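Report on one structure; see the data block that follows.
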Amino acid sequence: MDMETGEYGTYQYDSGRWTGENLVSALGYSVYWEYVREEDYFLSKEDRELILRCTKSEWHKEPYRRIEDMEREYGREKREVAGIRKESRIRELMEQIPDPGQAVREWLADTHTGGRHYIFWDKGSGTYRCTACGGSFPRREKLRHKDAAVCPLCGRAVTAIHRKGQQIREKAALAIIHDMDEQRGVERFFRAEIVWNREKGRVVYLDEQIRNFLLRGSMRRNRTYYRDEWEDRWKESNPAQRRRCACYLYPDREGIRAGIRGTHCEEWRDVLPQMAAAGVVANYGLLLDAVIINPEECIRTTEYLFKGRFRRLLRELSDTYGYYSGTIDVLNIRGKSVEEVMRLGDRQLIRRLRQADGGRNMLGWLAWSERTGKKLSDACLCWMERNGITSGEYEKSEAGMHLTPEQLMHYLTRQGKEGYPHRKMEEVLQQYEDYLAMAKELGKDLGDEMVYRPRELKRRHNEASEECRLRRNQENAERKAEEMRRKYPGYEELLEEIRQKYEYGDEEYLIRVPGNFLEITAEGMALHHCVGNTERYFERIVSRETYICFLRRKEAPDTPFYTIEVEPGGTIRQHRGDFDEEPEIERIKPFLKKWQQEIRRRMQAGDYMLAEKSAALRQKNIQELQEKNNTRVLAGLMEDLMEVV
């Protein structure tokens, strides 16, 4: 170790060379945070004094720990120096790149907006100001907000803006390729915002986000840097997750050719300048990367689409290309003709795609039309593409088995307006698919048009959903009922046995005894309480501690009203209505007391023994609740308790 610089080295006896391995690693330790102990590696007195004399540490007196600290400090300083040098190199490299200039900004604004300009009205001065020429002029004709006009100063077509303080904003994206030096060219990606207002006219703001250096004479991947706007510097890391997207390419023919000269992208030297001059929007960054894997196929397919004026398809294709891929699902990039590339044999279909400026979705539908022999209108093609419904989804869907694409378009459009006014068509289609799946599950006749094409989709969907829910609940209840029969054999026979003894009624109310688990579960679900959801009631029934009975109104004998838990002697432990509430309970209590008296008259000798046992168990339960200080449950039980008078 050099004690002045901190640089250290380790001599390897087996190889006879020096390495930069530190002390911990050299002595065979496997983890970074372990340290060397003197008892593990002996030091002579002279060596120990030498180390302590040469090293300094405020924290450690052990010689090995001092060496480790100096090594770590040297490594830290070395990394810091390397980081500073790297930042300096990146900064010097970035400083060589010039500002795009006003000409680039004006070209982007004219290309993206078609040269659009405005005249802004100022009520105070009574004048319009033109964003094209910057001049002001008084009103000569009455114009409303966003009326078309002509600037009398420069003769440009303009749009009148009358709202105070309003400014117009539009977003765009731009790529620039130009030469850097003998070792590299550069591709630059910008986010742009075009702003029109009265004070400044038209202004284009460029936010440069990515710089991709194209290395010459090398097939290795390009060196890419990303701008960190918070620290205002360029980095190799990309914490903001910046991505290149479809954009314009500035049409500097010689600059583009010079920028890609001698790089793996040089094969684009003829196509890219033409696309840039035509104002084609594409993901140029991914196009440059794609030629590494499939140069011939990538360039040929791109050229077919560009010269064939398939602008949208070209933009979508470029977004699919990547460093490791050069394929797209509906295109054959290895095709040697436009028919092979499109996978369409009918040139008329290719012409329709060009005229509509269709993308991958429309191409998929045209291929479906050719494959099936079924015709599609231009309106249907555009509707499918606009709403993101693909031919593949259609073929896999249940809707595709009943409706043609044209019928599906009209049906979903109508249902969207009537039942789902704020939903996307994709969501409406999903609702339709859900309905058809539920109708199939319910065993409905999907051959009937009234079933597969309901007039009110939303209502029928909700009805089918509720019916499916009830069916699943019924199926679950039946499974649970079978489980209860196995777990508590004889409880249903016991309920049947007490039916004659406990059923009772007068002119206003009646008491019914359930026959099975399903009736008890349905009662609990209808009144939203725990009867049927917990097994303690079945344990009490089997042990004859308590029974479950239903209180109903005489005029509605099948409508759940109250659930009663009653002891063999007639004492009522609980009486609960909907959500454990007790509506009309004071009006009901006289009837319950008459019922209790009727139970007492019907009791036999064995019932008295069961009543005493049940009362003892109830008292024991109350004592346990008191010991546990469970005042809330205890108060509810005591409030419900109705002993026989």
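Bear in mind the structure is a predicted one, so any value in this text is a computation, not a measurement.
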- Task: Mind listing the closest non-hydrogen atom pair of Arg242 and Tyr226 along with its distance?
- Result: O-CE2, 4.0 Å
- Task: Evaluate the side-chain proximity of Arg386 to Met425: yes if any heavy-atom separation is below 4.5 Å, no if none is.
- Result: no
- Any side-chain heavy-atom pair of Met275 and Leu287 under 4.5 Å: yes
- Query: Arg66 side chain to His60 main-chain N or O, any donor-acceptor pair under 3.5 Å?
  - Reply: yes
- Leu288 side chain reached by Arg244 side chain, heavy atoms, under 4.5 Å: no
- Message: Looking at Glu73 and Arg76, is there a salt bridge between them, counting it only when a charged N and a carboxylate O are closer than 4.0 Å?
- Response: yes
- If you measure from the Lys or Arg side-chain nitrogens to the Asp or Glu carboxylate oxygens, is any gap between Glu199 and Arg129 under 4.0 Å? no
- Item | Check: Trp268 and Tyr284 side chains under 4.5 Å, non-hydrogen atoms | no
- Item | Tyr304 side chain reached by Glu340 side chain, heavy atoms, under 4.5 Å | no
- Task: Could you check Thr320, Asp319, Leu317, Thr390 and say which one makes a side chain to side chain contact (heavy atoms under 4.5 Å, CB included) with Arg360?
- Result: Thr320
- Are Lys171 and Asp207 close enough for a salt bridge, meaning some N to O gap below 4.0 Å? no
- Message: Parallel, tilted or perpendicular, judged at 30° and 60°: which one describes the rings of Trp365 and Tyr394?
- Response: tilted
- Message: Can you tell me if Arg17 has over 12 outside heavy atoms packed within less than 6.0 Å of its CZ?
- Response: no
- Are the charged groups of Glu193 and Arg169 less than 4.0 angstrom apart, N to O? yes
- Charged N to carboxylate O below 4.0 Å: is that the case for Arg202 and Glu106? yes
- Query: Hey, is Glu483 close enough to Arg479 for a salt bridge, meaning N to O under 4.0 Å?
  - Reply: no
- Task: Give the ring-plane orientation class for His528 versus Phe579, where under 30° counts as parallel, over 60° as perpendicular and anything between as tilted.
- Result: parallel
- Item | Result of checking Val281, Ile194, Val204 against His112 for side chain to side chain contact (heavy atoms under 4.5 Å, CB included) | Ile194
- Query: Do Tyr13 and Tyr11 pass the ring pair (Phe, Tyr, Trp, His ring centres under 6.0 Å) test, and can you show the C-alpha distance, the side-chain angles, and the key distance before you say yes or no?
  - Reply: CA-CA 6 Å; Tyr13 281 91; Tyr11 183 74; 5.0 Å; yes
- Query: If you count the non-hydrogen atoms of other residues, nucleotides and ligands that lie under 6.0 Å from CD in Glu236, is the total more than 12?
  - Reply: yes
- Under a 4.0 Å N-O cut-off, is there an ion pair linking Lys424 with Glu426? no
- Keeping the roles fixed (side chain from Glu267, backbone from Ile299), state whether a donor-acceptor pair exists under 3.5 Å. no
- What pair of heavy atoms forms the shortest contact from Glu187 to Gly285, and how long is it? OE2-CA, 3.2 Å
- Task: Count the heavy atoms belonging to other residues, nucleotides or ligands that lie under 6.0 Å from CD of Gln241, then report whether that count exceeds 12.
- Result: yes
- Does a side-chain N-to-carboxylate-O contact under 4.0 Å join Asp99 and Arg105? yes
- Message: Could you check whether any side-chain heavy atom of Met362 comes within less than 4.5 Å of a side-chain heavy atom of Met384, counting everything from C-beta outward?
- Response: no
- Task: Would you confirm whether the ring centroid of Phe120 sits within less than 6.0 angstrom of the ring centroid of Trp196?
- Result: no
- Taking all non-hydrogen atoms of both residues into account, name the closest pair between Arg216 and Ile260 and its distance. NH1-C, 4.4 Å
- So, Arg257 and Asp179, do they make that salt bridge, N to O below 4.0 Å? no
- Taking 4.0 angstrom as the limit, do Asp232 and Arg227 come out as a salt bridge? yes
- Task: Begin from the C-alpha positions of Val104 and Leu174 and carry the test side-chain contact (heavy atoms from CB on, under 4.5 Å) through to its verdict.
- Result: CA-CA 10 Å; Val104 173; Leu174 172 69; 3.5 Å; yes
- Message: Please find the pair of heavy atoms, one from Gly20 and one from Tyr8, that lie closest to each other, and give the distance.
- Response: O-CE1, 3.4 Å
- Task: Could you please spell out the steps behind the side-chain hydrogen bond (donor to acceptor under 3.5 Å, both in side chains) verdict for Thr224 and Asn212?
- Result: CA-CA 4 Å; Thr224 305; Asn212 185 30; 2.9 Å; yes
- Message: If I compare all heavy atoms of Tyr74 with all of Thr5, which pair ends up nearest, and what's the gap?
- Response: CD1-O, 3.5 Å
- Task: Quick one: closest heavy-atom pair of Ala276 and Leu249, and the distance?
- Result: CB-O, 3.2 Å
- Message: Taking the basic N atoms (NZ, or NE/NH1/NH2) and the acidic carboxylate oxygens, is any pair closer than 4.0 Å for Arg472 and Glu441?
- Response: yes
- Glu535 versus Tyr488: any side-chain heavy-atom pair under 4.5 Å? yes
